[in-house]
Amino acid sequence: MSVDVETEQVDEPGWEVDPNDDWALAVIATVGRQLKLRREAAGMRAADFAVAVGYGEDLVYKVEGGKRIPRLDYLDTADRVLDAGGLVSAMKEDVRRVRYPKKVRDLAQMEARAVELQLYDPLNVHGLLQTPEYARGLLLMRRPAYSADEVERFIAARVARKAVFDRDPAPELSFILEEWTLRRPLGGRANLRGQLEHLLEIGQSRNIELQVMPMDREEHAGLAGGIEVLKFQDGSMVGRSPVVAFGRPVSDPRQLRILELRYGIIRAQAFTPRDSAAFIERLLGET
């Protein structure tokens, strides 16, 4: 809700803070406290500040009280209004990370340390491989529907995770994709074409192997669900699967052995990387 008709917002800019995310709570509380101190030092009432930045007074109180994650343009506008000389805008980097859900941040941190990743998603093209357009198409299909802000937040999180591809030295990445996920034009055929082209391009990297599990296989070791296995420089490992520990990350050697066994069998049942590339290229020609 805005105090000025000319600056009325359809939706308040920002997101609620996850009450279970201690780091996010601390960051947003600090950002809010700094904004309030600077506003008061400038001699501005919350209502006046709300008009100056073009957002509702209620939103100002939520941000200053650490109850709301501000959007980045809110910080830029506040910096200008408060004549903060870039000090408010400088908080955008921490706020940008807080925008990503905790489980996504935790996963991204593990991926950033891994020297080898084995990834199988039976339902969709894996998130690390999705183009922003393809990801948006999937997110828009969710029911009950995500808000526009939530969609953009999740897309930003997926794009941020792709930093794993830019590391030097690069980790070894192995992906297994289901054929049907490469055939269904989710989000439209243009999105699918863009996704297939991206797979062909990224599959040319020496450290990345893409394998397709064809639909005509009479045996399939991956029917129980997706698999993620991350291996680290010190020899330790972390794995995750919906059917192991209710999907929570595990490091127990017995559970990891099960995940590695299943992944290895699925990998052997799928097309080779070379045959998979040829198969994806053929699908692209049919799309």
Side-chain angles (χ1 to χ4, degrees), residues 111 114 116-143 158 161-162 164-165 171-231 237 239-247 250 255-287:
E111 290 170 346
E116 182 180 349
L117 297 89
Q118 299 174 335
L119 307 166
Y120 165 63
D121 187 336
L123 301 178
N124 297 299
V125 173
H126 194 277
L128 284 176
L129 296 174
Q130 292 175 11
T131 64
E133 295 77 18
Y134 186 85
R136 180 177 286 104
L138 294 182
L139 291 167
L140 289 175
M141 295 176 202
R142 196 258 194 182
R143 295 296 183 272
R158 293 187 185 186
R161 284 176 61 199
K162 294 187 178 185
V164 68
F165 295 120
E172 296 295 322
L173 295 107
S174 167
F175 295 90
I176 302 175
L177 305 100
E178 289 289 341
E179 176 185 345
W180 77 272
T181 67
L182 305 179
R183 286 189 177 276
R184 295 190 68 176
L186 300 177
R189 292 199 173 276
N191 282 356
L192 178 59
R193 282 190 59 85
Q195 181 62 64
L196 294 176
E197 290 170 347
H198 178 64
L199 292 176
L200 287 173
E201 179 181 358
I202 203 167
Q204 295 177 8
S205 300
R206 291 184 303 161
N207 63 308
I208 298 175
E209 286 192 347
L210 303 183
Q211 292 181 247
V212 176
M213 172 65 84
M215 292 189 297
D216 63 1
R217 286 292 190 260
E218 296 183 359
E219 294 186 0
H220 194 324
L223 298 180
I227 297 173
E228 295 185 358
V229 177
L230 281 62
K231 303 181 180 182
M237 297 167 51
R240 191 173 65 164
S241 177
V243 294
V244 175
F246 302 100
V250 297
Q255 294 173 319
L256 289 170
R257 185 180 64 82
I258 293 173
L259 295 181
E260 280 209 288
L261 174 65
R262 289 177 180 166
Y263 191 86
I265 296 174
I266 300 169
R267 199 172 184 177
Q269 292 170 335
F271 287 142
T272 66
R274 177 173 294 183
D275 289 343
S276 295
F279 183 79
I280 294 173
E281 193 164 1
R282 186 162 67 250
L283 287 181
L284 179 60
E286 298 172 358
T287 302

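Since the structure is predicted, the reported quantities are computational estimates derived from the model, not experimental observations.
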Would you say Val244 and Arg240 make side-chain contact, with heavy atoms under 4.5 Å?
no
Donor-acceptor pair, distance only, cut-off 3.5 Å: does the side chain of Gln211 make one with the backbone of Arg267?
yes
Which heavy atom of Pro171 sits nearest a heavy atom of Val164, and at what distance?
CD-O, 3.7 Å
So, are Arg183 and Glu286 salt-bridged, with charged N and O less than 4.0 Å apart?
yes
Determine whether Leu138 and Val125 make a side-chain contact, defined as any pair of heavy atoms from C-beta on separated by less than 4.5 Å.
no
In this structure, OH of Tyr120 is separated from CG of Leu259 (nearest 0.5 Å) by 13.0 Å
When rounded to the nearest 0.5 angstrom, what distance separates CG in Leu199 from CD1 in Ile280?
5.0 Å
To the nearest 0.5 Å, atom OG of Ser174 lies from atom CG of Leu117 at 9.5 Å
Heavy-atom closest pair, residues Leu210 and Gly203
CD1-CA, 4.0 Å
When you compare the side chains of Glu178 and His220, does any donor N or O come within less than 3.5 Å of an acceptor on the partner?
yes
Any side-chain heavy-atom pair of Lys231 and Gln118 under 4.5 Å
yes
Taking C-beta and beyond as the side chain, do Glu228 and His126 meet within less than 4.5 Å on heavy atoms?
yes
For the backbone of Gly226 and the side chain of Asp121, can you confirm whether one donor and one acceptor N or O come within less than 3.5 Å of each other?
no
Arg217 vs Glu179, test: side chain to side chain contact (heavy atoms under 4.5 Å, CB included). Steps then yes/no.
CA-CA 11 Å; Arg217 286 292 190 260; Glu179 176 185 345; over 6 Å; no
Determine the minimum heavy-atom distance between Thr131 and Gln195, stating which atoms define it.
N-OE1, 3.0 Å
To the nearest 0.5 Å, atom CZ of Arg184 lies from atom CG of Asn124 at 9.5 Å
Would you find more than 12 non-hydrogen atoms of other residues, nucleotides or ligands less than 6.0 Å from Arg257 atom CZ?
no
Rounded to the nearest 0.5 Å, what separates atom CZ in Arg282 from atom CG in Leu182?
11.5 Å
What is the minimum heavy-atom distance between Ala245 and Val250, and which atoms define it?
CB-CG1, 3.4 Å
What do you reckon, is CZ of Arg142 surrounded by more than 12 foreign heavy atoms closer than 6.0 Å?
yes
Look at the side chain of Arg193 and the backbone N and O of Leu284, then say whether any donor-acceptor pair between them is shorter than 3.5 Å.
yes
Using a 3.5 Å distance criterion without hydrogens, assess whether the side chain of Ser276 forms a donor-acceptor pair with backbone atoms of Val212.
yes
Might you point out which heavy atoms bring Lys162 and Leu129 nearest each other, and give the distance in Å?
NZ-C, 4.3 Å
I'd like to know if the side chain of Gln269 and the backbone of Ala221 have a donor-acceptor N/O pair within less than 3.5 Å.
yes
If we only count heavy atoms from C-beta on, is the Leu173 to Asn207 side-chain gap below 4.5 Å?
yes
What's the shortest heavy-atom distance between Thr181 and Tyr134, and which atoms?
O-OH, 3.7 Å
Heavy-atom side-chain proximity of Glu111 to Leu128 below 4.5 angstrom:
yes
Between NE2 of His198 and CD of Gln130, what distance do you get to the nearest 0.5 Å?
9.5 Å
